[in-house]
Amino acid sequence: MLEIKNLNVHYGVIHAIKDISLTVNAGEIVTLIGANGAGKTTTLRTISGLKKATSGEILLEGKVITNLSAPEKVELGISQVPEGRRIFPAMSVFENLELGAFLRKDKAEIKKDMDHVFQLFPILYDRKKQLAGTLSGGEQQMLAMGRALMSRPRILLLDEPSMGLAPLLVREIFDIITDINSTGTTILLVEQNAHMALSIAHRAYVIENGQIVMSGTGEELAKSSEIQKAYLGGK
Amino acid sequence: MEQFLQQMVNGISLGSIYALIALGYTMVYGIIKLINFAHGDVYMIGAYIGFAATTYGHLGFFPALLLSMGLCSILGIVIEKVAYKPLRESSRIAVLITAIGVSLLLEYVMMFFVGAEVRSYPKVLTNKMFHIGNVVINTQQIYILFTAIILMILLQFIVQKTKTGKAMRAVSIDKDAAQLMGIKVDKTISYTFALGSALAGAAGILVGLYYNSIDPLMGIMPGLKAFVAAVFGGIGSIPGAMIGGLAIGIMETFVSGYGYSMYRDAAVFVFLILILLFKPSGLLGKNTREKV
């Protein structure tokens, strides 16, 4: 579904992403794990159109979409939950969700998707009139995910959904990610929490200093001694 | 007491004009963090459009108002596209200096075409006086107040309820996140300039009616005062701009009404200094921390 070929991204003179290639097949959860500053977020921002690539290609179902603008990519079915959630704090939960469906005009279907989001995250229903800035960290993460789902994406890009959350909540969020995937949404998940990410991913890539250094199924990587040592706190 | 009420009436009329201008300042600041110093001159051009429409086009008050609002919103969009958009990635000071440049450009291009002399506005409204007790309210003041109120209600509706308004709020909160919703930032910024400039155009006509005279430099002082009003209300806040505009208008009329009209401009700027000293975020503004 999503294919990245020899992607290079620069910040000024800094070569942040070096010749990355990766594939996400329809229906999969693919995770990109790596340390802080490895280039995970940059990769996602380039896919979603917030950052321009210097060279290489991004293809969505065979169609080249490399440097389209972010709104154009949303229209094509790519939706990103950005790092740090980036909800609109001065707007209500309901308005945040509405904005997620900004490009859509099918009111009845939007309503249906909104109900679906409230089903996934019942707490958002209770808080729908509240300003989003007053939500707790976990609730904000749920809102950011719900908002991204409102565009009815074909592929959902998740950037560090576990960031700053208590372990129990992380578990809950990851269960929901699996749920979302099981209803047909393809997922590309970027995580520092390699343990959790590998436990739900079909396939995984490891990124170090802007390069892919390893890939395989979630299980394979979870067992690999190098991964154990570098990311999972094993010996 | 009568003196007090009379000044209140005058102050509210003047203040609602300041409020209309202040809204444009605050909306533009909210969305691109720019103090658009050319905004006062858009208002001046609005006054001239109204002048031409009523004097040469023999239009009535409302058609002239709509024409001025329409043309000013186009002017606002053009200014943004030509002068500010190429500087989107530049430092804020570069854009600010550009805004001052645009302001001077509008003032002196206007002076070139229409001359520097003061012109008097035609009487478009029959000027009836209404006496309530000993307080006098004239037709112009009623028109000013109602036009301002209707425009503000309309603006609130657009900003709070329409899709475009929600996009404007989203972009002003977080540009990247807004783009991820599918919102086109450039288009939204254009809308904001169009709305703000339309309000300035309306204010231009209203002030022409109120003071009866216009000139190419008329935008400078009300522009600055509306800016003070926006800062007082909390820059970036729409209700803040409305309250700020009224407050500055009332303050100014009281200062001149009680015999200190020489100091009325000074009073406004002393007030600005006090706000900046004691409540720099303004009445309804948010304290924002600078991100490092």
Side-chain angles (χ1 to χ4, degrees), chain A residues 12 41-42 44-52 68-92 94-105 107 110 131-133 140 143-153 156-159, chain B residues 26-27 29-33 85 88-91 156-192 233-241 281-292:
Chain A
T41 295
T42 306
L44 278 201
R45 285 173 65 88
T46 314
I47 298 173
S48 66
L50 290 177
K51 177 85 190 121
K52 297 277 175 261
L68 293 184
S69 72
E72 284 167 329
K73 287 182 177 176
V74 175
E75 187 125 47
L76 291 173
I78 297 179
S79 190
Q80 185 188 358
V81 180
E83 185 181 15
R85 340 208 198 283
R86 307 282 284 268
I87 49 148
F88 302 108
M91 298 169 94
S92 72
F94 186 78
E95 282 178 316
N96 268 271
L97 292 175
E98 265 185 341
L99 279 171
F102 187 77
L103 291 175
R104 296 173 54 187
K105 295 195 169 63
K107 279 206 174 117
I110 292 175
L131 288 186
Q140 291 190 11
L143 178 58
M145 286 167 63
R147 186 182 65 174
L149 286 174
M150 288 302 293
S151 69
R152 210 176 255 194
L156 183 64
L157 312 175
L158 292 161
D159 197 345
Chain B
T26 226
M27 285 162 61
Y29 183 85
I31 207 152
I32 55 171
K33 303 287 172 280
K85 195 179 162 209
R88 200 62 51 75
E89 306 299 320
S90 314
S91 65
Q156 273 296 1
F157 174 78
I158 293 174
V159 170
Q160 296 297 331
K161 299 288 177 204
T162 66
K163 229 171 167 178
T164 311
K166 284 175 188 169
M168 282 167 50
R169 284 190 287 150
V171 171
S172 75
I173 298 172
D174 188 334
K175 277 193 189 59
D176 277 358
Q179 291 196 65
L180 291 176
M181 304 298 108
I183 296 167
K184 295 192 180 76
V185 170
D186 285 338
K187 204 170 130 192
T188 309
I189 292 173
S190 285
Y191 274 127
T192 310
I235 192 129
S237 158
I238 288 178
S281 58
L283 274 184
L284 304 176
K286 286 169 290 251
N287 276 310
T288 44
R289 269 167 287 168
E290 284 285 322
K291 271 179 237 154
V292 198

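Below, all heavy atoms of this structure are taken into account, side chains as well, without hydrogens, waters or symmetry copies. Chain letters run A, B, ... following the sequence lines, proteins first and then strands; every chain starts at 1.
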Visitor: Quick check on the interface: out of Arg147(A), Glu75(A), Lys73(A), Glu72(A), who has the most heavy-atom pairs with chain B under 4.5 Å?
Guide: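 Among the listed options, the one with the most contacts to chain B is Arg147(A).
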Visitor: Can you check whether Met27(B)'s main-chain N or O pairs, donor with acceptor, with Thr192(B)'s side chain at less than 3.5 Å?
Guide: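 No, because the side chain of Thr192(B) does not come within donor-acceptor range (under 3.5 Å) of the backbone of Met27(B).
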Visitor: Closer than 3.5 angstrom, by distance alone: can the side chain of Lys33(B) be matched with the main-chain N or O of Gly30(B) as a donor-acceptor pair?
Guide: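 Yes, the answer is positive, given that a donor and an acceptor are paired below the 3.5 Å cut-off.
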Visitor: Only pairs of heavy atoms separated by less than 4.5 Å count here; which of Lys184(B), Met181(B), Gln179(B) has the most with chain A?
Guide: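 The option with the most such pairs is Met181(B).
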Visitor: So which part of Ala101(A) gets closer than 4.5 Å to some heavy atom of chain B, the side chain, the backbone, both or neither?
Guide: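 Interface part for Ala101(A): backbone (N, CA, C, O).
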Visitor: Is it the side chain or the backbone of Ile173(B) that comes within 4.5 Å of chain A heavy atoms, both, or neither?
Guide: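 For Ile173(B), the side chain is the part near chain A, not the backbone.
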Visitor: Start with the C-alpha distance between Leu180(B) and Ser48(A), add both sets of side-chain angles, then the distance that settles side chain to side chain contact (heavy atoms under 4.5 Å, CB included), and finish with yes or no.
Guide: CA-CA 8 Å; Leu180(B) 291 176; Ser48(A) 66; 3.8 Å; yes
Visitor: Heavy-atom cut-off 4.5 Å, strictly under: side chain, backbone, both or neither for Leu99(A) against chain B?
Guide: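 Contact with chain B: backbone and side chain both.
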Visitor: Identify which part of Gln80(A) has an atom lying under 4.5 Å from any heavy atom of chain B, answering side chain, backbone, both or neither.
Guide: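 For Gln80(A), backbone and side chain are both near chain B.
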Visitor: Taking 4.0 angstrom as the limit, do Arg45(A) and Asp159(A) come out as a salt bridge?
Guide: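 So Arg45(A) does not pair with Asp159(A) through a salt bridge.
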Visitor: Hey, which of Lys163(B), Arg169(B), Lys166(B), Lys161(B) is the one that makes salt bridge (charged side-chain N to carboxylate O under 4.0 Å, His left out) with Glu98(A)?
Guide: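 For Glu98(A), the salt bridge (charged side-chain N to carboxylate O under 4.0 Å, His left out) test succeeds with only one of Lys163(B), Arg169(B), Lys166(B), Lys161(B), which is Lys166(B).
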